[in-house]
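The next block holds one structure in the form of structure tokens; read it before the comments.
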Amino acid sequence: MEAASHIPYQAPASVPERVRLRQALDRLTREAALTPPLSLNELTERADAFLCAEGLGEELRGWVMVEIHNSVWRSFVAGIPAAKRLLLLPQCLRDSRRCEAEIDELGLLCHQCGRCAITGLQDRADELGSMSIVAEGFTAVIGLIESGAVDAVIGVSCLDSLEKAFPLLIKNAVPGLAVPLNRAGCRDTEVDTFYVDQLLSLRSDTETRLLDYRYLKSEIERWFSPESIRALHTNPSDQTMAIALDWLAADGKRWRPYLLAATYLAVSGADRFDERTRLAALAVECFHKASLVHDDIQDNDTLRYGKATLNASYGTPIAINIGDALLGKGYQLLAQAGNVELLQAIADSHVVLCEGQGMELGWDLGRDGLTMDFVLEIYRKKTVPAFEVSLLMGVICAGGDPQLRTHCHAYSNALGIAYQLQDDLEDYAEPTRPLIMRPSAVLAIVCQRLGADEAFLQALRTTADLNALLHQPAYEPTLNWAIQEVRTLIKQYHREAQEVLRRIDQVELRRLLFRVTERIIK
């Protein structure tokens with residue numbers, strides 16, 4: 001939670017007041033038609049507006065944020081089978097004077113003596129068919145969710161612990177409900193057990209369908225396994241395609257096919273992939289790997305993924321041909337998919353990306369200063385399409401509507417720029433590492449400040465190591481200032497990406513893109 005650290009987190013003092021405020025917050029979320037997940041920024045904004053409207057103090061902000069979070073997730077969690085829910089209880093609920101339970105690395109081993117609320121709550125969870133553990137913190141829960149053992153969490157905790165856990169829950173878009181303890185303290189605490197029971201007992205006639213990330217990951221691995229890639233090679237005597245496909249199967253994060261495939265599942269509601277989606281995912285990675293081959297040639301790079309680049313291994317002419325072969329294979333796969341919209345999406349992306357690369361290469365010919373508008377335009381053409389085309393092709397495969405495509409464009413614009421700004425900062429993380437010249441946001445801000453310094457501009461035109469130039473005593477203060485400015489811009493575009501997600505009404509797609517956003521933007 002993003003409330004100021006000096007503000008104490010308190011729960012409303014009485015049961016009637018807590019019940020009244022929970023009911024008021026339920027009305028608020030219904031009237032605003034809020035759907036999960038909500039970002040920390042939105043939770044904070046809505047909590048502050050509610051406190052102002054109710055005439056309540058900001059010491060209740062944390063509690064109100066938790067209850068807004070609960071209200072938007074409640075119907076979603078209700079559709080998750082009880083057997084896939086976990087009740088997480090804190091050790092501080094036990095009677096510290098009389099408790100005889102042991103505590104190990106997994107948590108408290110309750111003896112079911114009935115001297116505290118733990119026994120009754122665990123019995124109720126067991127009766128409903130849900131799992132329960134008594135342990136501190138939500139970190140262990142993430143592992144259970146990623147393993148597929150748990151789909152939703154109902155957690156009891158103090159507000160201080162929830163403050164630490166909330167960013168983790170938001171980052172992973174965990175379907176969860178949290179019950180704050182009624183008072184602070186690390187021993188002999190209390191909770192509204194009737195409220196915990198209400199949440200445990202939630203039921204819905206409609207079962208919630210969750211995206212199966214384990215299936216998604218296993219399919220991506222299968223599609224890009226050496227055996228599957230070899231099956232794409234239809235002419236064994238063609239050495240160019242053999243090298244190209246080896247490069248396709250080589251190391252890589254597979255972000256683009258992952259996003260395409262995950263978007264398809266989230267939008268379509270399907271639990272398995274069709275052949276068209278598989279072909280589209282293979283094609284988008286072909287285009288990505290082709291762009292890397294050509295980038296390495298243009299930048300004269302000799303290493304990629306810790307290994308020799310194709311141009312270093314085979315020479316530039318052969319590397320160009322291999323990159324072109326991958327482009328051809330990508331279009332061939334899309335032709336097999338039989339959807340002209342997929343072909344149009346990748347072709348549009350290809351043209352725009354080349355335009356952005358051309359802007360970058362053209363600037364390097366003269367290096368006559370740099371503006372932020374110019375740099376952001378490069379990012380919109382060179383980086384944004386890489387995100388957008390994957391999402392757009394996933395939506396097309398799923399039969400998504402045009403409005404959703406518009407949202408994907410706006411989201412990709414914000415996320416792609418934030419990602420590239422973050423990448424800019426990483427260039428300057430190691431001052432002694434040689435840095436080749438390229439347009440960047442950091443350099444644009446430096447040029448904005450030093451644009452009238454002819455000595456700097458002359459050095460900029462001739463230097464082969466940008467890090468060495470900008471870390472000179474005369475320029476380093478400006479560099480440090482520019483880095484801080486870029487950090488501010490990253491936050492701005494990160495928040496813009498989150499704002500776009502408010503407009504998407506498919507919960508699973510929102511969950512997916514929240515996870516993507518929080519993993520890409522550190």
Side-chain angles (χ1 to χ4, degrees), residues 9-26 60 62-78 80-101 103 107-138 140-141 150 152-163 165-166 169 174-204:
Y9 297 116
Q10 295 181 12
S14 67
V15 171
E17 182 67 357
R18 292 194 288 273
V19 171
R20 182 187 75 80
L21 292 176
R22 284 170 182 146
Q23 292 172 344
L25 289 167
D26 281 343
L60 295 180
W63 187 90
V64 170
M65 287 174 68
V66 169
E67 292 300 341
I68 293 173
H69 176 87
N70 288 347
S71 187
V72 298
W73 277 109
R74 191 172 287 118
S75 61
F76 192 85
V77 172
I80 294 175
K84 299 290 283 185
R85 302 184 203 171
L86 172 71
L87 173 64
L88 177 63
L89 298 171
Q91 297 173 15
C92 62
L93 273 179
R94 68 193 181 102
D95 184 332
S96 62
R97 294 166 298 175
R98 298 187 294 167
C99 181
E100 299 177 354
I103 299 176
L108 183 139
L109 306 175
C110 182
H111 285 191
Q112 302 291 303
C113 67
R115 293 171 180 161
C116 67
I118 290 175
T119 299
L121 292 173
Q122 286 196 303
D123 285 347
R124 180 60 174 153
D126 186 60
E127 176 186 328
L128 295 168
S130 298
M131 295 172 276
S132 66
I133 59 173
V134 183
E136 299 302 325
F138 284 78
V141 172
V150 171
V153 179
I154 300 171
V156 178
S157 183
C158 66
L159 282 166
D160 284 340
S161 293
L162 286 174
E163 180 191 9
F166 247 55
L169 297 177
V174 175
L177 305 172
V179 186
L181 295 169
N182 294 335
R183 58 182 175 81
C186 296
R187 55 189 295 169
D188 302 321
T189 52
E190 299 173 357
V191 69
D192 289 338
T193 53
F194 70 91
Y195 183 45
V196 181
D197 189 279
Q198 287 175 10
L199 299 182
L200 285 170
S201 303
L202 288 171
R203 291 291 181 275
S204 173

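Just the heavy atoms: all of them, side chains too, but no hydrogens, waters or symmetry mates, feed the values below. What you are looking at is a predicted structure, and each value in this text was computed from that prediction instead of being measured.
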**Message:** Do Leu177 and Leu202 have side chains that approach each other closer than 4.5 Å (heavy atoms only, starting at C-beta)?
**Reply:** yes
**Message:** So which atom in Pro180 and which in Ala178 form the shortest heavy-atom distance, rounded to 0.1 Å?
**Reply:** CD-O, 3.6 Å
**Fill in**
Heavy atoms of Gly176 and Val77 approach each other most closely as N-CG2, 4.2 Å
**Complete:** The reported gap from CD in Glu67 to CG in Leu60 (rounded to nearest 0.5 angstrom) is 11.5 Å
**Asked** Which atoms form the tightest heavy-atom contact between Leu128 and Leu200, and what is the distance?
**Response** CD1-O, 3.4 Å
**Request:** Search all heavy atoms of Leu199 against all heavy atoms of Arg74 and return the closest pair with its distance.
**Result:** CD2-NE, 3.8 Å
**Message:** Is it the case that the side chain of Arg85 and the backbone of Ala152 share a donor-acceptor pair, with hydrogens and angles ignored and the cut-off at 3.5 Å?
**Reply:** no
**Item:** Min side-chain heavy-atom separation Asn70-Leu25 under 4.5 Å
**Value:** no
**Request:** Test Ser132 against Arg124 for side-chain hydrogen bond (donor to acceptor under 3.5 Å, both in side chains), laying out the working first.
**Result:** CA-CA 10 Å; Ser132 66; Arg124 180 60 174 153; over 6 Å; no
**Request:** Enter the distance from Leu86:CG to Lys84:NZ here, rounded to the nearest 0.5 Å.
**Result:** 11.5 Å
**Prompt:** Between CG of Leu21 and CG of Asp26, what distance do you get to the nearest 0.5 Å?
**Reply:** 11.0 Å
**Prompt:** Atom CD in Gln23, atom CZ in Arg18: separation rounded to 0.5 Å?
**Reply:** 13.5 Å
**From CH2 (Trp63) to CG (Asn182), nearest 0.5 Å** = 9.5 Å
**Member of Thr193, Ile118, Val179 meeting the side-chain contact (heavy atoms from CB on, under 4.5 Å) criterion with Val156** = Val179
**Test log, rule side-chain contact (heavy atoms from CB on, under 4.5 Å), inputs Val196 and Leu87** = CA-CA 9 Å; Val196 181; Leu87 173 64; 4.0 Å; yes
**Request:** With rounding to the nearest 0.5 Å, note down the distance linking CG in Leu121 to OG in Ser130.
**Result:** 12.0 Å
**Prompt:** Do the ring planes of Phe76 and Trp73 sit parallel (below 30°), tilted (30 to 60°) or perpendicular (above 60°)?
**Reply:** perpendicular
